[in-house]
Amino acid sequence: MPDRGRVEVGPVTTDAEVERLLPLMRGYCDFYRVRPSDASLLAMARALMADPAREGVQLIARDGAEDLGFATLFWSWETTSAGRIGVMNDLFVTPASRGRGVGSALISACLVRCRDHGAIRMVWQTAVDNLAAQAVYDHVGATRESWVDYWLDTGLAQP
């Protein structure tokens with residue numbers, strides 16, 4: 001088997017890294033067939049970078065200069081466990097990088113961040129038909145839930 005390099009995961013901490021993150025965020029949005037503006041995606045990434053202790057953090061996976069994927073972790077609370085949680089809102093691995101352990105490496109890095117932040121649990125969701133992602137989540141030992149999601153539009157325009 002050919003050497004596929006080393007997956008390194010780290011937080012997005014500079015504007016140059018935010019710019020590198022944009023194509024990955026766009027790939028994630030394309031996968032889910034949504035089209036937020038680049039300006040809105042960049043604004044969100046910069047808000048997280050500006051206040052990682054209160055807002056959350058974005059992590060990027062790399063093999064040298066090649067960007068392989070990213071994860072977004074937001075901080076929240078959960079009344080039913082009376083504790084702080086990390087919400088892994090996004091997990092994306094480029095199609096060419098799948099099967100290399102990138103998703104598992106990003107999940108592991110998010111879990112470390114949760115522990116460091118005092119979160120008692122990390123939660124996330126995926127589309128019911130995203131079987132490839134579900135296989136990764138099962139592989140890392142995650143517990144599957146059976147909640148039904150709802151949402152309401154607030155009527156505010158996206159910036």
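What's counted below: heavy atoms across the whole structure, side chains too, no hydrogens, waters or symmetry copies.
- Follow the hydrophobic side-chain contacts under 4.5 Å out from Trp124 and you never reach Met44; the two are in separate clusters.
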Salt bridge (Lys or Arg N to Asp or Glu O under 4.0 Å) between Glu17 and Arg62, worked out: CA-CA 11 Å; Glu17 290 174 320; Arg62 297 187 179 104; 3.4 Å; yes
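- Within the 4.5 Å cutoff, no side-chain heavy atoms of Ile60 are placed close to those of Val9.
- Here the shortest heavy-atom pairing between Asp38 and Arg26 reads OD1-NH2, 2.6 Å.
- Closest of all the heavy-atom pairs between Gln134 and Ala127 is NE2-O, 3.2 Å.
- A continuous path of Ile, Leu, Val, Met, Phe, Trp and Tyr side chains, each step under 4.5 Å between heavy atoms, connects Trp75 with Leu59, placing both in one hydrophobic cluster.
- Using a 30° and 60° split on the angle between ring planes, Phe70 and Tyr28 fall in the perpendicular class, above 60°.
- The shortest distance between side-chain heavy atoms of Met88 and Cys114 does not fall below 4.5 Å.
- Closest of all the heavy-atom pairs between Ala47 and Glu55 is O-CG, 4.0 Å.
- What you find for Leu41 and Met25 is that their closest heavy atoms are O-CE, 3.7 Å.
- Side-chain atoms of Ser37 come within 3.5 Å of backbone atoms of Ser40 as a donor-acceptor pair (strictly under, hydrogens ignored).
- Shortest non-hydrogen contact noted between Ile120 and Gly83 is CD1-CA, 3.9 Å.
- Considering CG of Asn130 and CD of Gln125, their distance stands at 11.5 Å, rounded to 0.5 Å.
- Residues Val123 and Val136 do not share a hydrophobic cluster, defined by chaining ILVMFWY side chains whose heavy atoms lie under 4.5 Å apart.
- Once rounded to the nearest 0.5 Å, the distance linking CZ of Arg84 with OG of Ser76 reads 9.0 Å.
- A continuous path of Ile, Leu, Val, Met, Phe, Trp and Tyr side chains, each step under 4.5 Å between heavy atoms, connects Tyr32 with Leu22, placing both in one hydrophobic cluster.
- When all heavy atoms of Val34 and Pro36 are compared, the closest pair comes out as C-CD, 3.5 Å.
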Test log, rule salt bridge (Lys or Arg N to Asp or Glu O under 4.0 Å), inputs Arg54 and Asp51: CA-CA 6 Å; Arg54 290 195 330 214; Asp51 196 357; 3.2 Å; yes
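- Atoms CZ and CD, from Arg46 and Gln58 in turn, are 11.0 Å apart once rounded to the nearest 0.5 Å.
- By the rule that hydrophobic residues join a cluster once side-chain heavy atoms approach within less than 4.5 Å of another member, Met122 and Ile85 end up as members of separate clusters.
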Worked check of salt bridge (Lys or Arg N to Asp or Glu O under 4.0 Å) between Asp63 and Arg6: CA-CA 5 Å; Asp63 179 357; Arg6 176 177 158 85; over 6 Å; no
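- From Leu106, atom CG reaches atom CG of Leu111 across 12.5 Å, with rounding to the nearest 0.5 Å.
- Arg35 has its side chain within reach of Asp30: a pair of non-hydrogen atoms, C-beta onward, lies under 4.5 Å apart.
- Although no hydrogens or angles enter the test, the distance criterion places no donor-acceptor pair under 3.5 Å between the side chain of His117 and the main chain of Gly86.
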Derivation of the side-chain contact (heavy atoms from CB on, under 4.5 Å) call for Val18 and Met49: CA-CA 9 Å; Val18 168; Met49 186 176 65; 3.9 Å; yes
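- For the atom pair Thr126 OG1 and Tyr137 OH, the distance stands at 4.5 Å (nearest 0.5 Å).
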side-chain contact (heavy atoms from CB on, under 4.5 Å) assessment of Leu68 paired with Val7: CA-CA 8 Å; Leu68 309 174; Val7 176; 3.9 Å; yes
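- Rounding to the nearest 0.5 angstrom, the gap separating the CZ atom in Arg100 from the OG1 atom in Thr94 is 8.0 Å.
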